[in-house]
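Structure first, then comments.
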2 protein chains.
Amino acid sequence: MIIAAIVKNKQNILYGVCLALLLLLLKWLEWRFVIVDNAFEFYAGSIAVIFTGLGIWLAIKLITPKLKTVIIEKHVPAAANFVLNEAELNRLRLSARELEVLQLMAEGLSNQEIAERLFVSLNTIKTHSSNLFIKMDVERRTQAVEKAKRLSLIP
Amino acid sequence: MIIAAIVKNKQNILYGVCLALLLLLLKWLEWRFVIVDNAFEFYAGSIAVIFTGLGIWLAIKLITPKLKTVIIEKHVPAAANFVLNEAELNRLRLSARELEVLQLMAEGLSNQEIAERLFVSLNTIKTHSSNLFIKMDVERRTQAVEKAKRLSLIP
DNA sequence: TTTCCATTCATACTTTAGGGTGATTTTTAA
DNA sequence: TTAAAAATCACCCTAAAGTATGAATGGAAA
């Protein structure tokens, strides 16, 4: 907390230190002036103050503009980051076989083609798809595919 | 170009300036020392050098940590940034009406529903869809939707 | 062991989709 | 202004999709 406060108020601390130094310098100059009454002492003090300022000015003017560098990253491919919505999948109580049929429907396959792909009869696929539509609360395969994609059941 | 070079070599220029100032100071001190033989002049010069260094040190130590690199990562959703593949759309020579029918097919609507949505007869939609399938080189609406999505003809 | 459920298949039927052909009207481009 | 393209609709027919019902099998849970 203390360190954080110091870091946060760096600028203010810098000003404080400068002010303290200046006051010290003036006090010292005043003492020298009074005791010794030497103009060279005042001259030296002035040089100290001016060159301290010069040093600070130089450092600030030539170093601080470094604060920049903004990198903007973006864009994610569509199909690459597909995550199956398991919650929705469980909620709809779709069986493994029904999901399989749904995936092949989404690829544009006909019932006959799905049947051949899965080595079962056309009637079996019809049964699966009918049960699928009831569970998904749709009436057509196109609706099922649309809803499945919307719910992230398929890519 | 000159300004860019200056900006790029800020640090080097700073060192150069400091070195030049130091040399000038030494030369001046030497001159003062020889001509007037005054120890206070040398004292003033030393103060100038020391306080310049102090100023620079202060500024660097307390200000430079500001040069922070800020990285902003922008995450863009997949569906949000849909861009229609106009090249492919022109290549397939799909008419405006055909694309409209295709979009409604993708929403899972039946031909009858599409006809009602577009205030035309069922036969008209059948004609459009038939022409659409020929142009897209597919045989079923599900295939058409899959291909259209793959080719970014529809979101 | 019995019940439940997923998977499989069948038959019969209805609805929707799709193919082919032809035609009319409107719009667009040459 | 004329030809081409787009949009509209109709009819007929086939293929595919979807509904309903029933049933056999095998695995997992109660």
Side-chain angles (χ1 to χ4, degrees), chain A residues 84-151 153-154, chain B residues 84-151 153-154:
Chain A
L84 193 143
N85 187 347
E86 288 191 62
E88 197 65 28
L89 190 61
N90 291 330
R91 198 183 67 77
L92 293 176
R93 304 210 164 281
L94 297 188
S95 73
R97 207 55 159 169
E98 285 161 355
L99 183 61
E100 211 167 352
V101 170
L102 178 59
Q103 286 166 340
L104 295 175
M105 274 183 178
E107 291 179 22
L109 274 64
S110 68
N111 285 340
Q112 184 59 57
E113 288 168 337
I114 295 171
E116 286 163 11
R117 188 76 75 88
L118 299 180
F119 304 105
V120 293
S121 79
L122 172 61
N123 286 313
T124 303
I125 299 304
K126 284 190 173 188
T127 305
H128 284 322
S129 62
S130 280
N131 293 332
L132 185 62
F133 298 156
I134 292 168
K135 287 180 181 178
M136 290 187 74
D137 191 29
V138 296
E139 284 154 346
R140 283 174 288 280
R141 64 213 283 103
T142 47
Q143 276 184 2
V145 169
E146 190 277 332
K147 192 165 186 175
K149 279 179 180 279
R150 187 155 41 79
L151 297 178
L153 266 40
I154 52 175
Chain B
L84 193 142
N85 187 348
E86 288 191 61
E88 198 65 28
L89 190 61
N90 292 329
R91 198 183 67 77
L92 293 175
R93 305 211 162 278
L94 298 187
S95 74
R97 206 56 159 170
E98 285 162 354
L99 182 61
E100 210 167 352
V101 170
L102 178 58
Q103 286 166 340
L104 295 175
M105 274 182 179
E107 290 179 23
L109 274 63
S110 67
N111 286 340
Q112 185 60 57
E113 288 168 336
I114 295 171
E116 286 164 10
R117 188 76 75 86
L118 299 179
F119 303 107
V120 293
S121 79
L122 173 61
N123 286 313
T124 303
I125 299 304
K126 284 190 174 187
T127 305
H128 284 321
S129 62
S130 281
N131 293 331
L132 185 62
F133 297 156
I134 292 168
K135 288 181 180 178
M136 290 188 73
D137 191 29
V138 296
E139 284 155 347
R140 284 175 287 279
R141 62 213 286 107
T142 46
Q143 276 183 2
V145 169
E146 190 276 331
K147 192 166 186 175
K149 281 180 179 278
R150 187 153 42 79
L151 297 178
L153 267 40
I154 53 176

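Reminder, nothing fancy here: chain letters follow the sequence lines and each chain counts from 1.
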To the nearest Å, give me how far apart [atom1] ([X]) and [atom2] ([N]) are.
{"X": "A/N123", "N": "D/dA24", "atom1": "CG", "atom2": "P", "answer": "16 Å"}
{"X": "B/R93", "N": "D/dA6", "atom1": "CZ", "atom2": "P", "answer": "8 Å"}
{"X": "B/R141", "N": "D/dA17", "atom1": "CZ", "atom2": "P", "answer": "11 Å"}
{"X": "B/L132", "N": "D/dA7", "atom1": "CG", "atom2": "P", "answer": "12 Å"}
{"X": "A/L109", "N": "D/dA16", "atom1": "CG", "atom2": "P", "answer": "13 Å"}
{"X": "A/N131", "N": "D/dA17", "atom1": "CG", "atom2": "P", "answer": "17 Å"}
{"X": "A/Q112", "N": "D/dT14", "atom1": "CD", "atom2": "C1'", "answer": "15 Å"}
{"X": "A/K126", "N": "D/dA20", "atom1": "NZ", "atom2": "P", "answer": "14 Å"}

- Message: Under the criterion side chain to side chain contact (heavy atoms under 4.5 Å, CB included), I'd like the reasoning laid out for A/D137 against A/K147: C-alpha separation, chi angles, the key distance, then a yes or no.
- Response: CA-CA 10 Å; A/D137 191 29; A/K147 192 165 186 175; 4.3 Å; yes

So which atom in [X] and which in [Y] form the shortest heavy-atom distance, rounded to 0.1 Å?
{"X": "A/M136", "Y": "A/L92", "answer": "CG-CD1, 4.4 Å"}
{"X": "B/I154", "Y": "B/A106", "answer": "CD1-CB, 3.5 Å"}
{"X": "A/R140", "Y": "B/E113", "answer": "NH2-OE1, 2.7 Å"}

- Item | Earlier contact from the 5' end, DNA chain D, for B/T127 and B/L94 | B/L94

- Closer to the 5' end of DNA chain D via nearest nucleotide, is it B/L118 or B/R140? B/L118

- Item | Below 4.0 Å: OP1/OP2 of D/dC9 and any side-chain N or O of B/T124 |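 The answer is yes; a side-chain N or O of B/T124 sits under 4.0 Å from OP1 or OP2.
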
When you compare the side chain of [Y] with that of [X], does any pair of heavy atoms fall below 4.5 Å?
{"X": "B/Q143", "Y": "B/E146", "answer": "no"}
{"X": "B/L102", "Y": "B/R141", "answer": "no"}
{"X": "B/I114", "Y": "B/L118", "answer": "yes"}
{"X": "B/V101", "Y": "B/I125", "answer": "yes"}
{"X": "B/R97", "Y": "B/V120", "answer": "yes"}

- Query: How would you give the extent of chain B contacts on DNA chain C, as first and last nucleotide 5' to 3' within a 4.0 Å heavy-atom cut-off?
  - Reply: C/dA17 to C/dG19

- Five pairs at each end of the helix from C/dT1-D/dA30 to C/dA30-D/dT1: take the axis at both ends and give me the angle between them to 10°.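 Between the axes fitted at each end of the helix from C/dT1-D/dA30 to C/dA30-D/dT1 lies an angle of 60°.
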
- Item | Sugar-phosphate, base or nothing in reach of A/S130, heavy atoms under 4.0 Å |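 Result for A/S130 = base.
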
